[in-house]
Chemist: 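So that we are looking at the same thing, I have put the structure below in structure tokens.
Bear in mind the structure is a predicted one, so any value in this text is a computation, not a measurement. In this chain, numbering begins with 1 at the start of the sequence shown.
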Amino acid sequence: MNVGIKIVSLFSLPVIVVLYVGLLFSAFIAVISGVLRASGIESIPMSILPGVTMPVWLSMPMAVIVAGLLLWFTNRLYKILKQLLFNIRN
């Protein structure tokens with residue numbers, strides 16, 4: 001294996017791990033905020049565009065959609081992370 005690929009993999013590993021954990025945490029927070037807003041706590045603002053607030057009845061479906069997208073990106077990052085670890089080991 002090329003030494004350059006190992007060095008790049010070693011330096012990009014912490015970035016990918018932090019991004020992976022951050023996206024997982026954000027997906028969890030999105031679902032929790034959707035549940036809280038749908039249950040009646042309207043102090044959690046959700047807006048589609050600046051100045052356009054989302055109706056309360058749409059808060060849970062939108063939170064699930066956002067969390068699903070974040071988890072999809074997290075899945076892709078996991079595959080990249082496995083490849084980086086494989087590059088470092090070999």
Chemist: Only counting residues at least two apart or in another chain, list the ones meeting side chain to side chain contact (heavy atoms under 4.5 Å, CB included) with M54.
Modeler: R37, M46, I48, L58, M62

Chemist: According to a hydrophobic-cluster definition based on side-chain heavy atoms being under 4.5 Å apart (Ile, Leu, Val, Met, Phe, Trp, Tyr only), do L36 and V56 belong together?
Modeler: no

Chemist: Under the rule for side chain to side chain contact (heavy atoms under 4.5 Å, CB included), what residues qualify as partners of S9, not counting sequence neighbours?
Modeler: I5, L84, N87, I88

Chemist: Treating Ile, Leu, Val, Met, Phe, Trp and Tyr as nodes and any side-chain heavy-atom pair under 4.5 angstrom as an edge, say whether V17 and Y20 lie in one connected cluster.
Modeler: yes

Chemist: Determine the minimum heavy-atom distance between F11 and V15, stating which atoms define it.
Modeler: O-CG2, 4.3 Å

Chemist: What residue pairs, at least two apart or across chains, pass side-chain hydrogen bond (donor to acceptor under 3.5 Å, both in side chains) with a residue in residues 47-76?
Modeler: none

Chemist: Can you list everything that forms a side chain to side chain contact (heavy atoms under 4.5 Å, CB included) with K82? Sequence neighbours excluded, please.
Modeler: Y78

Chemist: Taking a hydrophobic cluster as the set of Ile, Leu, Val, Met, Phe, Trp and Tyr residues connected by side-chain heavy atoms closer than 4.5 Å, whether directly or through intermediates, do L71 and V64 fall within one such cluster?
Modeler: no

Chemist: Should I80 and L85 be regarded as members of a common hydrophobic cluster, given that ILVMFWY residues are connected when their side-chain heavy atoms come within less than 4.5 Å of each other, either directly or indirectly?
Modeler: yes

Chemist: Distance check, rounded to the nearest 0.5 Å: S12 atom OG versus L19 atom CG?
Modeler: 11.5 Å

Chemist: Going only through I, L, V, M, F, W and Y residues with side-chain contacts under 4.5 Å, is there a path from I44 to V35?
Modeler: no

Chemist: So do the side chains of F86 and Q83 get within less than 4.5 Å of each other, counting heavy atoms only?
Modeler: yes

Chemist: Throw together a table of side-chain donor-acceptor distances under 3.5 angstrom for residues 21-32, partners on residues two or more places apart or in other chains.
Modeler:
from: S26; atom 1: OG; to: G22; atom 2: O; distance (Å): 2.9

Chemist: Determine, step by step, whether L81 and L77 satisfy the side-chain contact (heavy atoms from CB on, under 4.5 Å) criterion, reporting the C-alpha distance in whole Å, the side-chain angles of both residues, the deciding distance to 0.1 Å, and the verdict.
Modeler: CA-CA 6 Å; L81 188 61; L77 278 176; over 6 Å; no

